Amino acid sequence: MPTTVFVVGSLNADQLLEVPAFPAAGETVLASDVLITAGGKGGNQAVAASRAGAAVTMIGALGDDAHGRLVRRALTESGVDTGWVVTADGTHTGTAVVAVEAGGENRIIVASGANARLTRQDVESGLAGAAPGDLVLLQLETPVDVVAHAARFAKERGATVVLNAAPAPADTGCLTTDIDLLVVNEVEMRAVAGLVGADEGRESGEGGEGGDGRDVAGTVLTTSRALDCVVVCTTGADGAYVNVGDRVIHIPAVRVTALDTTAAGDTYTGYLAAALARGESDLPAALATASAAAAVTVTRRGAMASIPYAAEIGEVRANLDTNSTTDITELTTKG
């Protein structure tokens with residue numbers, strides 16, 4: 001029986017503004033262009049998984065407005081089943097204002113809108129058909145109690161549960177034993193590690209990028225032990241770290257010139273979910289494919305619109321030799 005990736009998460013209309021540099025406090029800058037496109041972490045990850053070849057069902061909420069119709073149409077055109085995307089009365093579709101500077105980095109402000117109206121009943125209705133072999137993908141742009149309920153409901157049905165803990169959680173409400181795989185960036189991993197006590201006795205570097213690989217690997221391992229799940233930590237241009245049992249593997253990133261990094265992490269997570277759903281057993285290889293897809297994404301503008309189809313990443317993937325992955329368990333500062 002074919003497996004399905006169920007995505008429970010946010011759906012937004014993204015207003016993308018290109019700026020020469022981010023404004024300082026009290027400063028006004030002029031954008032050179034504006035683009036309105038479909039997005040939201042849940043929607044982006046659903047589209048990425050679908051374009052990677054998975055059968056995908058989206059569970060989320062939209063407003064009864066033009067932006068909602070834009071997002072629903074974008075999902076449908078990418079092959080995502082939107083039968084469980086509800087229309088919430090009396091509110092607007094989630095909206096994100098995304099400022100992108102010349103180097104491709106971004107700053108994002110989100111108004112949740114209909115995303116905040118997603119309910120436990122919506123989730124139960126959408127996940128009623130989940131079964132062993134299916135995968136349920138979650139993020140943290142919808143109410144945390146609904147996310148935790150989705151994880152429990154999915155686990156009771158034998159599905160694999162993947163949590164992309166983004167934005168970084170403020171408490172342990174979503175960090176349950178129902179999680180099979182946690183996907184985070186460095187900022188999010190530090191937040192999670194602090195909440196579950198996995199950073200005790202470890203050095204904590206300042207800033208997210210360019211951190212010491214041994215420290216990242218060590219935190220991946222202690223966080224994995226604390227939550228009893230596999231942990232993937234992405235570190236931008238420095239690649240990603242994943243624990244395979246008590247080993248920590250580093251997967252290098254693909255080197256490209258970034259134009260817009262808005263949907264990079266969502267592309268990565270969606271492609272990874274698709275690989276797991278089709279039974280990929282070589283996790284480092286699955287992460288290398290996810291890295292190649294994200295590398296293509298950052299060379300394009302927009303959110304959903306920038307996500308590549310599987311056929312578009314072959315050349316980039318070929319340039320990332322999985323033999324270049326490194327087992328750095330012996331280099332970690334703890335474990």
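All values derive from a computational prediction rather than experimental measurement.
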- Given a cutoff of under 4.5 Å between side-chain heavy atoms of I, L, V, M, F, W and Y, with clusters grown through shared members, what are the other residues clustered with Val19? Phe22, Val29

- Query: In the hydrophobic clustering that connects Ile, Leu, Val, Met, Phe, Trp and Tyr at side-chain heavy-atom distances below 4.5 Å, which members other than Ile36 occupy its cluster, ordered by chain and number?
  - Reply: Leu70

- Message: If you apply the rule side chain to side chain contact (heavy atoms under 4.5 Å, CB included), what do you find for Glu124 with His149, and how did you get there?
- Response: CA-CA 9 Å; Glu124 290 185 9; His149 184 70; 2.7 Å; yes

- Hey, does the side chain of Tyr271 reach the backbone of Ala310 with a donor-acceptor pair shorter than 3.5 angstrom? yes

- Message: Would you say that more than 12 heavy atoms from the other residues, nucleotides or ligands in this model lie under 6.0 Å from the CG of Asp33, or not?
- Response: yes

- Within a reach of under 6.0 Å around CZ of Arg300, are more than 12 heavy atoms found that belong to other residues, nucleotides or ligands? yes

- Are Val86 and Phe6 co-members of a hydrophobic cluster defined by side-chain heavy atoms under 4.5 Å apart? no

Quiz: residues 127-145 side-chain donor-acceptor pairs under 3.5 angstrom, not counting sequence neighbours:
unit_1 : atom_1 : unit_2 : atom_2 : d
Asp134 : OD1    : Thr4   : N      : 2.8
Asp134 : OD2    : Ala131 : N      : 2.9
Gln139 : NE2    : Gln45  : OE1    : 3.1
Glu141 : OE1    : Ser10  : OG     : 2.4
Glu141 : OE1    : Lys41  : N      : 3.2

- Determine, using the 4.5 Å side-chain heavy-atom cutoff (strictly less than), whether Leu16 and Val298 are members of one ILVMFWY cluster. no

- Message: So, applying side-chain contact (heavy atoms from CB on, under 4.5 Å) with Val216, which one of Val248, Leu221, Thr235 is it?
- Response: Thr235

- State whether the side chain of Arg72 and the backbone N or O of Val85 hold a donor-acceptor pair below 3.5 Å, judged by distance alone. yes

- Message: Is there a side chain to side chain contact (heavy atoms under 4.5 Å, CB included) between Asp266 and Ile307? Walk through the geometry before answering.
- Response: CA-CA 9 Å; Asp266 294 335; Ile307 299 170; 5.7 Å; no

- What residue pairs, at least two apart or across chains, pass side chain to side chain donor-acceptor pair (under 3.5 Å) with a residue in residues 252-262? Asn106-Thr261, Asp260-Thr262

Listed pairs under 3.5 Å, donor-acceptor, residues 167-177 side chains, sequence neighbours left out:
unit_1 : atom_1 : unit_2 : atom_2 : d
Asp171 : OD1    : Gly173 : N      : 2.9
Thr176 : OG1    : Asp178 : N      : 3.2
Thr176 : OG1    : Asp178 : OD2    : 3.4

- Task: Determine, stepwise, if the pair Met189 / Leu182 fulfils side chain to side chain contact (heavy atoms under 4.5 Å, CB included).
- Result: CA-CA 9 Å; Met189 185 176 69; Leu182 178 73; over 6 Å; no

- Message: For a side chain to side chain donor-acceptor pair (under 3.5 Å) check, start with the C-alpha distance between Thr87 and Asp64, then their side-chain angles and the critical distance, and finish with the verdict.
- Response: CA-CA 6 Å; Thr87 299; Asp64 184 11; over 6 Å; no

- Task: Please test Leu75 against Leu11 for side chain to side chain contact (heavy atoms under 4.5 Å, CB included), starting from the C-alpha separation and ending with a verdict.
- Result: CA-CA 10 Å; Leu75 290 168; Leu11 298 166; 3.8 Å; yes

- Message: Any donor-acceptor pair under 3.5 Å linking the side-chain atoms of Arg190 with those of Thr219?
- Response: no

- Item | Connected-component partners of Ile109 among ILVMFWY, side-chain separation under 4.5 Å | none

- Counting distance only, does the side-chain N/O of Arg117 pair as donor-acceptor with the main-chain N or O of Asp89 below 3.5 Å? yes

- Establish, from distance only, whether the side-chain atoms of Asp122 and Ser125 form a donor-acceptor pair under 3.5 Å. no

- Item | Test applied, side-chain contact (heavy atoms from CB on, under 4.5 Å); reference residue, Leu17; option that passes from Leu35, Val98, Val100, Val97 | Val97

- Message: Using modelled atom types and a 3.5 Å cut-off, is there a donor and acceptor pairing between side-chain atoms of Thr222 and backbone atoms of Ala198?
- Response: yes

- ILVMFWY cluster, Leu62 and Val110 together (side-chain gap under 4.5 Å): no

- Query: If you measure only the distance, is there a donor-acceptor pair under 3.5 Å linking the side chains of Asp180 and Thr160?
  - Reply: no

